[in-house]
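Notes for the one structure printed next.
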Amino acid sequence: MSRGRHQRRRDNVDRWAGTMLMELNREAAAKRGASGSDIISQALASNRLGVPSVVFFAVAGAAPLTVIIGAVTTVYAVVGNTALPLVYLVVAAILSIFTVGFVAMSRHIVNSGAFYSYISHGLGRELGVAAAFVALPAYALMQIGLFGLFGVVASSILAGMGLVVPWVICALVAWGLIAILGMLWVDLSGKVLGVLLIAEIAVVLIYDLVMVANPRDGEVSVATLNPAQLLTPEVVAMMVIAIGGFAGFEATVVLSEEAKDPKRTISRATHISVLVAGLMCAVSAWAMSVGAGPGRIVADAQREETNLVFSLVGPHVPDVMITIGYLLFMTSIFAALLAFHAAVSRYQFALGRERMLPSRWGYTHPRTGAPVVGSITQSVLAFVAILAYWFTGADPLVELFGYLTVVGGLGVLILMWGTSAAVIAFFVQHPRLENVWRGRVTPIIAFFLLSIILFATVVGLGDILGLSPDSIFNWAFAAGYAVLALLGAGWAAIVRFTKPDVYAVIGRGVERRTVFEFPEPPRPHSHAMAFQSEQYSTTTSSGRESR
């Protein structure tokens, strides 16, 4: 079957970029042979993270205790539907389907740019840069928003001890620790997250057992697990909120360049992360309904709010267990802050290394391997945002945490949706790399399901944020991401004609390679691009002759 003119032109450009990549690789190899080593500051610290450490980063980003205490209670109270345990299982199943194709692609592409790199390989370099322009603000907003929640929770814990400390001071203390850890060895951060996460999971399991062992109605009820509840109209809205509780699991791929045996480590860690986060949220939501009683859980959630879990387990455990729970609630938020900081700084590094951001962003610390400029940039942005919210007297819980994390979550959902389409396109182009199930069936199912959830999120975003129907922000955030994506695609198009060597390495990472090499490809149809390519070849040839 013949292909259309535009597809042939797209193949032609890709072949041209592949040839240029090979030329760049030959030059880099020649330089390494002359100097004896590569530029170490342009690579992340490799072979540092095993499966447990990568899982810690991913699950910490999902912040299960924070989700259970905050999001689960909120959904019960606001939506008033008791199908929440099933909703978390359904969302976990959807993301597990997405993960099949996602990690299949990770076996062939190792790049800290994650979604950006995958979309550039599957849908083209222009759309890849468009994804990067969405990813940077999305992850930055989620991380900055969490400082508001941390400040409020830490301040309330200190108030219980008789110390009056403003939320902004607590947030700035967390900010300072995150800024330091973000500049140190990534495996050190992984160990910190590991300790915090293990303690967090342990207390969640204890609380769940206590609530199930002490049912309000005298017997353990499974009424909230009735599948018929999934047919109610509120379920889509609940899924939109629930999927935000999984944001962060994709951090596994962001850490791929620093993982031991990344092709296996990332696959295992991603699957484990989704299952752990999904099962913890589902089981805890069900245990809360047992402890409060299926008929009373909504009323109790509306009355107790974020204290619901503690009020249910409080009469049955020593006071020290409640204190530990509050402290781990705070450290859960801290762990999520650290995980998102690592993600956004590595996105900036990936773009800087490929010169889509200034090249300074593409350097790492020669000793720790941390992305220095990306880490500092995110720390500065967070510092300015914290002080801005404090000076304006804005509510840190609603306007800092609530608004920014929801809007950031929308951006992550857009990236997941785009990546599911990129996985389909990638394996259509390279059908022999994976079997039909991993390369075709699951990506198509994931794309269809994520399309429904994304549409529902965009339509219902104002309701999720509690905005009035006539507020401009009902559509402004989604429109803002669309504008950013267009700017990214436009910037890539400009680079394609003005800096063909930069365009060639978009999304190709530290290895600077395509999935397969093209033998003697034809020149692009565009005369302007052909001229640029010829000019580049002449320059490099003359340089080699002079040497």
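Values reported hereafter were calculated over all heavy atoms of this structure, with side chains retained and with hydrogens, waters and symmetry mates removed.
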Near-ring test Phe477/Phe473, centroid separation under 6.0 angstrom: yes
Does any non-hydrogen side-chain atom of [Y] lie less than 4.5 Å from one of [X]?
{"X": "Trp167", "Y": "Ile386", "result": "yes"}
{"X": "Tyr347", "Y": "Leu351", "result": "no"}
{"X": "Met142", "Y": "Val344", "result": "no"}
{"X": "Leu487", "Y": "Trp491", "result": "no"}
{"X": "Ile453", "Y": "Ile94", "result": "yes"}
{"X": "Tyr481", "Y": "Val407", "result": "yes"}
{"X": "Leu410", "Y": "Val458", "result": "yes"}

Phe334 and Leu181: CA distance, side-chain angles, deciding distance, side chain to side chain contact (heavy atoms under 4.5 Å, CB included) verdict: CA-CA 12 Å; Phe334 182 85; Leu181 287 171; 4.1 Å; yes
No-hydrogen, no-angle side-chain donor-acceptor test under 3.5 Å, Ser345 and Gln378: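 Ser345 vs Gln378: no donor-acceptor pair found between side chains.
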Which atom of Leu404 lies closest to which atom of Gly145, heavy atoms considered: CB-CA, 3.9 Å
Shortest non-hydrogen separation from Gly128 to Tyr116 and the atoms involved: O-CD1, 3.0 Å
Non-neighbouring partners of Trp417 that pass ring-ring contact (aromatic ring centres under 6.0 Å, His included), sequence neighbours left out: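 Applying ring-ring contact (aromatic ring centres under 6.0 Å, His included) to Trp417 gives Phe447.
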Residues which pass ring-ring contact (aromatic ring centres under 6.0 Å, His included) with Tyr326, listed by chain and number, not counting sequence neighbours: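 Tyr326 satisfies ring-ring contact (aromatic ring centres under 6.0 Å, His included) with Phe310 once adjacent residues are dropped.
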Residue pairs involving residues 376-402 (criterion ring-ring contact (aromatic ring centres under 6.0 Å, His included); sequence neighbours excluded):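 Sorted result for residues 376-402: Trp175-Phe383.
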